Amino acid sequence: MPPFRPLALALAALATALTLRPAMASNWTDTLAAARGQTVYWNAWGGDTRTNAFIRWVGTQTEKRFGVKVVQVKLADTADAVARVVAEKAAGKTQGGSVDLIWINGPNFLSMKRQGLLYGPFVKSLPNAKYVDLSPGAPATTDFTVPVDGFESPWRLARFVFTYDSARVPNPPRTMAALLEWAKAHPGRFTHPDPSNFMGASFLKQALIDLAPDPAALTVPPTEASFRKETAPLWAWYDALRPNLWHRGRSFPANQSVQDRMLADGEVDIAMSFDPASAAAGIADGLMPPSIRVFVPKGGSLGNVSFVAIPFNAAHKAGAEVVANFLLSPQAQAHQQNIDVLGSYSVLDPSQLDKRQRALFAALPTAPALPTRADLGKTLPEPYPSWMTRLTAAWKARYVK
Amino acid sequence: MSPAQRRIARGAALGLVGAGILVPVAAGLWQTTLTAFGMVPGLSQTGPSLRPWRELVALPGALESLRLSLVTGLSATLLALILSLGLVAALTTARRMRLARQMLAPILAAPHAATAIGLAFLIAPSGWIARLLSPWATGWQVPPDIATVHDRAGLALILGLLVKEVPFLALMALGALSQVPARQQIASARALGMARAEAWARVVLPQVYARIRLPVFVTLAFSLSVVDMAIILGPSTPPTLAVAVTRWLQAPDVMRMMPGAAGALAQLGVMLLAMLIWVTGERALAAVGRALARRGARRSGTGFGLRVAGGLAVLLTVLGLLALMVLALWSVTWRWSFPNALPQQWSLRLWRDGAEGLASTAGATLEIALAATLVALILAIGWLQAEGPRARRLSTLLLLPLLIPQVSFLFGLDIAFLRTGLPEGWVAVVWGHVLYVLPYVMIVLAGPWRAFDRRLEATAAALGAGPVRRLIAVRLPVLLGPLTAAAAVGVAVSVAQYLPTLFLGAGRVATLTTEAVTLSSGPDRRIAAIYALMQAALPWLGFALALGLPALAFRNRRGLRGGVE
Amino acid sequence: MTGPVLELQDLTIVPTGSGAALFPPLSLRVTPGELVAVMGPSGVGKSTLISAIGGHLDTAFALRGRVRLEGTDITSLPAEARRIGVMFQDALLFPHLSVGDNLAFGLSPEIRGRRQRCAAVEAALDQAGLSGFYERDPATLSGGQRSRAALMRTLLARPKALLLDEPFSGLDAAMRDELRSFVFAHLRRIGIPTLIVSHDPEDAKAGGARIVTLDAGRAR
């Protein structure tokens, strides 16, 4: 029946297309059914009250809508949860694991992905993934230059910013060179978190990007030679900066939270954050004096996406997927971007949203200490993860005796 | 039951209690040792190898951490001992003694983490003391750039340990003092021409010390290996060994686990080294004392030293009480910026907003504490009921968990749990807490239990009461005071546990302590204060009940009221 | 007289881990209503003997020989099953119970019902001159009152034999006389075999007791 062949093919193709979509929908229906009644243990850094409150809100929503409870396991460090999954794997516990969902990115993601500790790829099967730009090279497809490959789902945007007290620093230094001059003029009034902490390491990375002779070298794993070459100006700059730091650079705040407290107390005049809304949020919460503001280095600043991932042995994978999917809903994203809630920018692609959904974002309140997207300037990509690992190791070897 | 059957039942009870405590310790140490020598089946390392140890030594700051632990631990213990003895020596009247007990009790009951958080809020460059004195006395418009917490020498950590350990040792010393005929001995020494303080130092002190030697070693072990307090007050670059080991064991890089385990064993070595140093010091001091006595010296300066120590101890107690007060202050603050002496805006909003989370965490903490205390009480009663003279000597073994650094075996115990398929989480945490609750319950309960007039039970037996009725209707009610005191101490000890909850809870069991320690490095001092205050409030409530219940039950029983107060 | 007889047969006590007995084997028969006083120097083991008969022997000692009551060998029975009452020097009222509840503690379970039990206790208190003392705190009683309450408590348990361990030595002379006559009057009324340990010859004389002397060498 040669004449009918093209038609048959076309019909077959159509049938496939028709069955494909319902097939996916029914998979999601299965997921929803399996998820109902589950309790998802979401392991997330617990140092930020607003984030904790947001996670509680997510739990009430998912329980109401999908019958999925969320319990936040508040971590002092995301590494704790990674260590737990590692320990479980070492003990041969390949199912029924204690971690269902992790707030993760960068080195922790790379470490888990490399060791095969992650479940997935699962992102494409989330219905709300359609709102995210997942085209090749889009920010949500790589995590610190490591391809995500569907093993983690985005939920919030992070951007490196400096915070400062405008009552004491009228003109903040907007380059690393200017920062050094300012620190020399105001010894003891600036510091950064300990580089063994994520925020401290990020500061070194931001400085490295600013000072490296060839920033392109940072997108691939470092070699002995490239590491030495790219970091040489950084160390020269840091050697000059360090004696002018708080405590003469002999000790450092443990993390960003401690440093935020120091900024609020007036122990330092400039601090830093990966959340552009942190100053506005701090003022609204009574944590910061009203004079705190945000600035971004002239050449732009590091930006990355925060993800959630599901361990390979998670006990409640379906529930975890439902939570990850809910996090990508326009309602959740708009709620999260509200300065009164979290104030962190949405990961959704505005062009994928309909008018009603865009209106959710347009209606959000503003605040004097909240930078606009334009204020934030250019987003610089994160270097390859091992740059950060090597950078902190080299810093320790140089400055910790 | 025949005597033989009874002996078997008694042996079984003793064995069960002993195994419940000693098996986890041994299993934990064994797994830590395996990991420390590279023998981790899941990680394609088959060992045995010394690589973890080489890596440990190569880790930045490892040796400095080790030195820091030794120095802070030894100096904190030595100073705590001197100050507590100075304090006890100064309690010459009943009124002073009562006042001291009242002042020390809230500090003693408050968990280490809560005290440390309060102390940090007090002594930091932007702390309450600086706020009270600025700018009028200091001229500071902004906090000074000096390290008063997290200082590299660990002075803040030593101070924090002193605030907690001086009350502990002082109360132990007071207990010991009541067994020494101090008044008569001092009188006779004074008749020989010694000043009062000198006589106390030379005659009473050695006898008191001999009786509090075990608590001193417990303090030494604790000070060397404390984690929560060292996170909150101690040096950070590098931290003390126990903190560093905890971090390595929880690092995302699995390969850190092995040098971490080696560090955990090194921590045990540090403990043994410190004990050796301590015992050597004891010997030397005893020799000096004997030489003085033989020379017939009437003055050595120790009397004066004791008076200074007593004064410092009082200052320290005030500091501890202020630390707890500043927690209360921060918990009702909305905004409080430097250098205001008091908050600019007050608010109960954080209590209200956080009430739900706080209540559930406090509930979880209390559940664990009550379960652990109940189990520990049952085990302690079982042991004491079954013990003969030989088991009585062995009962010191039950204190073993207090003398072994927590990091040295808790990590291994967690692995052992995973290996054997026992569930981590709630049950494991309760068991982990029992390891620490039971020793303290034994310390409180064993004395009154053994001193119980057995003829009361003989009388009850002659009246036809069997063993169960004798226990429930006679011994337990008569010992209600010590029992509630032991329960209160048990709750306080459980509420304060940090590492057992962290390691055995699979990260899922959140208590006021784990939350408070996490929040202490968070941005919000007010919430950290609320959690720390609640953490201290649970033991306070426990002690209030421990005093109140027997007093209420025995309000018409004069014969039992004395032992309760 | 009919009733239970308490018999000791070659009874001696050996400290565990040592071969030497405290005193030579003692054989004794105490008939119903009879009072036997065990005398001897202090430290010879009089109180230990009482403990052994009552079943309260410390694990540091072992008993050799047999104890029979009403012809039944009770040597290996636990104390609570022997039905032998004991009274110690300090009366040892339970400090957590009221005076009345102390008496009710040993009251035979055969008396049922709250009201009956209460009445039995009240009646015993009346006999002891302690009417209206049911709710009193034992710590507020005088020494003599305490001893009388203790005796009534012991008797309410309906023992088949009685052991008295220095029951009067804690009291002053006048009180001692009064209590002696109180105790011995009750013993005569009940008619059970009684063994008293004392260092005071007056105790034996007042009770018209047969005297057995224990000493490390021999028992007569």
Side-chain angles (χ1 to χ4, degrees), chain A residues 41 43 46-49 52-53 56 71 73-84 86-93 98-99 107-108 111-112 115 168 187-189 194 196 246-247 250-252 254-258 260-262 264-267 282 285-287 289 393 396-397 400-401, chain B residues 40-43 60-61 64 124-126 141-143 145-147 150-152 231 235-238 247 249-254 257 333-335 337-339 345 347 349 353-354 356-357 414-415 417-419 421 424-425 502 506-508 510 514-515 517-519 521-527:
Chain A
Y41 288 88
N43 287 240
D48 179 30
T49 330
N52 298 346
R56 263 203 306 282
V71 174
V73 178
K74 290 179 188 144
L75 304 173
D77 194 323
T78 304
D80 297 353
V82 180
R84 172 127 312 269
V86 167
E88 287 177 355
K89 191 184 186 196
K93 193 169 188 177
S98 62
V99 180
N108 286 318
S111 161
M112 289 192 82
Q115 298 178 61
R168 284 194 293 272
R189 304 298 301 163
D194 191 302
S196 61
W246 173 81
H247 286 183
R250 281 198 295 246
S251 55
F252 297 88
N255 54 41
Q256 182 200 332
S257 305
V258 175
D260 279 351
R261 217 152 70 181
M262 289 165 58
D265 288 339
E267 281 192 66
D285 277 351
L287 289 171
K396 271 197 180 162
V400 182
K401 264 157 262 113
Chain B
V40 188
L43 289 176
E64 171 63 12
S126 64
Q141 291 297 335
V142 292
D145 183 13
I146 47 172
H150 300 303
D151 62 294
R152 290 170 73 90
I231 289 176
S236 54
T237 41
R247 296 226 169 107
L249 290 177
Q250 308 231 315
D253 182 358
V254 199
M257 219 158 85
T333 292
W334 181 249
R335 211 161 77 74
S337 51
F338 194 88
Q345 276 173 279
S347 169
R349 199 173 122 182
D353 291 356
E356 204 180 315
D414 187 31
I415 294 190
F417 260 91
L418 285 166
R419 281 273 149 75
E424 301 164 285
L502 193 68
R508 274 190 197 174
T514 58
E515 295 282 291
V517 173
T518 307
L519 288 167
S521 63
D524 200 334
R525 223 179 240 135
R526 305 162 305 180
I527 296 200

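Naming convention: chains lettered A, B, ... in sequence-line order (proteins, then strands); numbering from 1 in each chain. A quick note: this is a predicted structure, and the numbers were derived from the prediction, not measured.
If you measure heavy-atom distances from A/Ala87 to chain B, the contacts under 4.5 Å come from both the backbone and the side chain. For B/Glu356, no part lies near chain A; criterion is any non-hydrogen pair under 4.5 Å. No part of B/Asp151 comes within reach of chain A, as not one of its non-hydrogen atoms sits under 4.5 angstrom from that chain. Using a 4.5 Å cut-off between heavy atoms, A/Asp285 touches chain B through backbone and side chain atoms alike. Both the backbone and the side chain of A/Asp265 have a heavy atom closer than 4.5 Å to some heavy atom of chain B.
Taking CD1 of B/Ile146 as the start and CD of A/Glu267 as the end, the distance is 9.5 Å to the nearest 0.5 Å. Atom OG1 of residue B/Thr514 and atom NZ of residue A/Lys74 lie 9.0 Å apart, to the nearest 0.5 angstrom.
The ring pair (Phe, Tyr, Trp, His ring centres under 6.0 Å) search around A/Tyr41 returns none, not counting sequence neighbours. The side chain to side chain donor-acceptor pair (under 3.5 Å) test applied to A/Ser196 returns A/Asp194, not counting sequence neighbours.
Note on A/Arg189, A/Met112, A/Arg168, A/Glu88: by heavy-atom pairs under 4.5 Å with chain B, the leading option is A/Arg189. When the candidates B/Ser337, B/Ala147, B/Ala124, B/Ser236 are compared by the number of heavy-atom contacts under 4.5 Å with chain A, B/Ala147 comes out ahead.
The nearest pair of heavy atoms linking B/Ser521 to A/Ser257 is O-CB, 3.1 Å. Scanning both residues, B/Thr518 and A/Leu75, for their nearest heavy atoms gives CG2-O, 4.2 Å.
When atom types are taken as modelled, the side chain of A/His247 and the backbone of B/Asp145 share no donor-acceptor pair closer than 3.5 angstrom.
A heavy-atom distance below 4.5 Å is found between the side chains of B/Arg335 and A/Pro289.
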